[in-house]
Amino acid sequence: MPGRGELLIWFLRWSRKNQTGKDSLHQVPPPPLCERGARGDFGWGTRSEERRVCMPRGYDFQRIEAKWQAQWEAAEAFAVREDPARPKYYCLEMYPYPSGKIHMGHVRNYTIGDVVARYLRMRGYNVLHPMGWDAFGFPAENAAFEHGVHPARWTLDNIAYMKSQLKRMGFSYDWAREVTCCLPDYYRWNQWFFLRLLERGLAYRKQSPVNWCDRCQSVLSNEQAEGGVCWRHTETPVAQKELSQWFLRITAYVEELLADGEKLAGWPERVRVMQRNWIGKSVGAEVDFALQRGGSLRIFTTRPDTLCGATFMVLAPEHPLALELSRGTSQAEAVAAFVARMRQTDRSLRTDAAAEKDGVFTGAQAINPLTEEPIPIWVANFVLMEYGTGAIMAVPAHDQRDFEFARKYGLPIRLVIQPDGSDSLDAAPMEAAYEGEGRMVHSGRFDGLASQAGKEAVCDALERQRIGQRAVNYRIRDWLVSRQRYWGTPIPVIYCDACGIVPVPDRDLPVILPPDVEITMSGGSPLARVETFVKTACPRCGGPARRETDTMDTFVDSSWYFLRFTSARETARPVDPAKVGYWMPVDQYIGGIEHAVLHLLYARFFTKVCRDLGLTAVGEPFSNLLTQGMVCKESSRCPEHGYRLPAEVDKAGRCTTCGLPVEVGRTEKMSKSKKNVVDPDELLAEYGADTIRLFSLFAAPPEKDLEWSDDGVQGAFRFLNRIWRLVDERPELLRAAEGKRWSAGQPEEAVRSLRRATHQAIGKVTRDLEDAFHFNTAIAALMELAGALVRFLDQLPPGSAAADGPPDRLLAFAEAVRALVVMLAPFAPHVAEELWESLGESESIFRQRWPEADASLAMEEALEIVVQVNGKVRGRLQVPRGTPEAALRRLALEERRVRQWIEGRTVHKLVVVPDKLINIVAGS
RNA sequence: GCCGAAGUGGCGGAACUGGUAGACGCGCUACGUUCAGGGCGUAGUGGGGGUAUCCCCAUGGGGGUUCGAGUCCCCCCUUCGGCACCA
């Protein structure tokens, strides 16, 4: 097998050779140097010449960020290895598709993860924080088709650029563990997994109707075709095609996926619900209805208790009996016409809930097994062949769809369930089906049973008579993994005329994706046209054979990449079980909600397979899941030129091209098509990574949508400048604090007050990060501490006089500054490192332990107690903490304003909440 | 239609187990700064009334529980998200 580097070179040589026109799509210019440059300089504009000379420059984020990124890289600051002595923490963000450049969604996602990783390192955890590339996929082929760039070249160029962007954001990844799915050292293990699944009957080939997206020129899994549209091109409806394809048997794990899913306490409720809905378990029975002409018709129902109310039956138009039953009857022509019409109707249109019920009588009758009455068999649009048996018993009194159908075609409605506490429900005047539970009526020997007991009793009877049995149905289907695409993992299977389907032997892995290929975006799998790839020898008989030319769904890659990160350079097997054992499960997974049923369901399935293969002990990959909100911005639209970029609109809100006023649209997810995007590169040049990070954390809690605001970014930048000045403006104070000791007595109020602010901030920030990820309020607490520091400095004598003052002042100041800088570090790591160094520290701030709040120092001494009269605030008392209740009552009743409010009234009651408030209940 | 989440100043958002609604930031206003601009600093900033001590109203709307409700309960409205003929 070629090595990683070897293959890369090979691809690049190939692409240079084959390049037409542009050499590369990614002649991306270096980030523009903003003319405004390091804005922090302005802070010094009016300072004295003396200061300008002796002080360092202002907050020069470009220099600082480059400096610390280089230091982290040189020191391999974020490289980790297993260490049983320390608690581990695996922090993972969903890896990106290398589409070209990172977007603000990535910035937000990865900033959240980075704060978690950096914070937990400072709390003493051994933190695994890796990053990689979801590098196979359709857009690379699109680029190849449109621009003549080889998918490998395009992908690897994009990765190189995006990696540089992630580094410039200061994210603390262990890059030694980087995985790139499109390289054989990764995808060979996809093939290895496929072979293991094949051995266990969990991979199989089947002919069936499948989803086809014309723009992808490929089939899709059900999950990727949700709602009848392609997940990548939501404007493209998927078509149905009858094809022979490879499937993974996710349904073999469905009960486990369901049961374990309910136990995922660290997942958002809505994701669990979406997965539960997707799996769509329903419990009921399969029942054979005898046909009057002989034979039987099997149906699935979740309501065996309503069996006596079945007054007709309905077949899906594709049901094999539909045409057959009508043959020879007067309905034959009508049924044939109806079935033909349904075949032509677009499937998503036909299955739209809003579509009217439509059907036709087959001319045949079945026998209700309980009532033994003949009932007519119909064919209708609303019954789906893919679900259950493709046929239903219709109980119009207790199923709304059946009810509507019965009313439209004048079919009988027979009430067999009375709602609890009522016996008045009557079929004739019903306007809607009663779908709830109740008591069985008109059901012969079952009369009087409650629905639940009735279901059991009917099932027992059916099983005794051998005309039915209990059954469970699921909405979820097996995972279709074949793709008619080039840029994916070749499916390691060979077709031999003599031996049939033959798996590629493990020793022949990887089946390498051949570099020489023509991407035409039509006419099936590109690999099918690469003869050197297709033609091979059968591993079993040695005779001429053909390779499978489809590749795997790229969701296979992402189904186990989190396992690979634990042992990314393992060459003998997909992962090292010992390393997986140390790191798994992922403690915190962070990504977008759009993968609620796609990636997150597949990954859970794959993890269970890996467990059964002995590669991991865990059955669930992600203990905690955070689904971050979208990054939004208002869009602008020019009546002449359509959507406009922010830069194409001037300050007065006019289009820079034509001068017409633009229409400001609503705030919505940033997207290229709406042009309401901001470019991370421009922000990096203008404000630096720390400001971007700080703003995207401060503007909204992580799980909510974030509205991008240029003014808000300014605010974050101002805050960092403020802290910079705070530390940098009075170095003599910090120097003077060194070696000093706290004096013995009670310090002055200014010192107590600053220490109180410091320890309150430590408590608040720590709680906000521990309990839930309340980054926005944690940053607010840092801003408050900065405010307290400014107020403290204002009270000090100017110049060097302060340095000669009492040591407590200097110590309190140093304590506050150090706490502020340390707590700032996870959010704005570069500036924190730089300030930490300027405080005289030689070691990285990330080797610093997180500060501990001293509760006794944080405690407020004087309290303001609110005095209410009948629930309204009428006065305030300043009292020392712990003032006895009796004294509080007396003070409250004596308060000037309170006296006015209770004068002439009787005080009925006094509610005292210690150290909080007093409410005086007074009558008139 | 069903299920879920959420509605708080001009804006983004705070508010622990019911206990001072509006932290923090943005914006805005005034003032300061040897002040062109920008930057920085100080003060103010939910609405209404009053010269003022102060008063009234206010967390989508309406009821309720409670000494006390943004927070708990019921009904309604709106927005967003998910599911949507799944038998």
Side-chain angles (χ1 to χ4, degrees), chain A residues 36 39-47 58 226-227 268-271 273-274 276-278 280-282 284 299-303 306 314 316 350-357 380-384 386-395 399-402 404-405 473-476 593 596-597 667 695 698-701 703-716 718-719 721-722 725 764 767 771 774 776-784 786-787 790 794 864-874 876 896-897 900 908-913 916-922:
Chain A
R36 274 184 275 184
R39 292 186 171 205
D41 286 353
F42 294 129
W44 298 99
T46 60
R47 302 284 165 177
E226 204 182 329
E269 171 72 14
R270 60 184 191 134
V271 177
V273 169
M274 281 161 80
R276 193 193 307 137
N277 288 345
W278 184 258
K281 178 180 182 177
S282 35
I299 59 97
F300 173 74
T301 179
T302 55
R303 293 297 298 273
T306 64
V314 189
R350 203 185 98 198
T351 56
D352 182 359
E356 207 194 332
K357 305 270 175 296
N381 60 347
F382 70 95
V383 175
L384 309 172
E386 315 84 85
Y387 191 81
T389 61
I392 62 160
M393 67 175 197
V395 185
D399 183 289
Q400 186 58 26
R401 296 156 298 178
D402 301 348
E404 286 167 25
F405 195 77
N473 250 293
Y474 302 93
R475 204 176 85 111
I476 191 174
I593 187 76
V597 279
T667 298
F695 174 73
F698 180 66
E703 65 282 355
K704 287 184 65 177
D705 287 352
L706 181 156
E707 191 184 334
W708 196 261
S709 148
D710 295 334
D711 289 332
V713 178
Q714 281 278 0
R718 269 203 287 269
F719 172 62
N721 273 286
R722 195 174 205 213
R725 287 194 306 273
K764 171 76 175 151
R767 270 194 310 278
D771 302 348
H774 291 164
N776 55 334
T777 50
I779 292 167
L782 294 178
M783 290 172 166
E784 285 186 87
V790 167
D794 283 348
E864 188 180 69
I865 299 219
V866 166
V867 185
Q868 298 180 331
V869 178
N870 292 336
K872 287 201 157 125
V873 181
R874 298 300 182 191
R876 291 155 205 274
R896 189 178 46 82
R897 268 171 71 203
Q900 287 174 6
H908 296 300
K909 194 174 167 186
L910 235 87
V911 181
V912 180
V913 182
K916 262 270 159 61
L917 97 168
I918 297 162
N919 191 10
I920 300 166
V921 188

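In what follows, chains carry the letters A, B, and so on, assigned in the order in which the sequence lines appear, proteins first and then strands, with residues in each chain numbered from 1.
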Starting at the 5' end of RNA chain B and moving along, which residue's nearest nucleotide shows up first, A/A781 or A/R270?
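It is A/A781 whose nearest nucleotide is closer to the 5' end.
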Between A/V790 and A/E269, just flag the one whose closest nucleotide in RNA chain B comes earlier from the 5' side.
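Checking each residue's closest nucleotide, the 5'-ward one belongs to A/E269.
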Phosphate OP1/OP2 of [N] contacted by [X] side-chain N/O (<4.0 Å):
X	N	answer
A/R897	B/rC55	yes
A/T777	B/rA23	no
A/N473	B/rA87	no
A/R475	B/rA84	yes
A/R874	B/rC55	yes
A/K872	B/rC57	yes
A/R725	B/rG41	yes
A/K916	B/rG19	no
A/R718	B/rC26	yes

Could you tell me how far [M] sits from [N] if I compare only their [atom1] atoms? Round to whole Å.
N	M	atom1	answer
B/rU71	B/rG22	C1'	15 Å
B/rG7	B/rA87	P	34 Å
B/rG37	B/rU33	C1'	14 Å
B/rG9	B/rA23	C1'	14 Å

Any donor-acceptor pair under 3.5 Å joining the side chain of A/D711 to the base of B/rC26?
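Such a pair does not exist between side chain and base.
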State whether the distance check finds a donor on one side and an acceptor on the other, under 3.5 Å, for side chain A/E864 versus base B/rU20.
yes
Which listed nucleotide (B/rG13, B/rC85, B/rA21) is nearest to the side chain of A/P701?
B/rG13
Considering only side-chain heavy atoms of A/N919, which listed nucleotide, B/rG25, B/rC85, B/rG68, is closest?
B/rG68
Tell me which nucleotide, if any, is Watson-Crick or G-U wobble paired with B/rC16 when both distances must be under 3.5 Å.
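Check on B/rC16: unpaired, no WC or wobble geometry under 3.5 Å.
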Check every strand shown and say whether A/E784 touches a base, only sugar-phosphate, or nothing at a heavy-atom separation below 4.0 Å.
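Touches sugar-phosphate only.
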Quickly work out the A/D710 CG to B/rC11 C1' distance and round it to whole Å.
14 Å
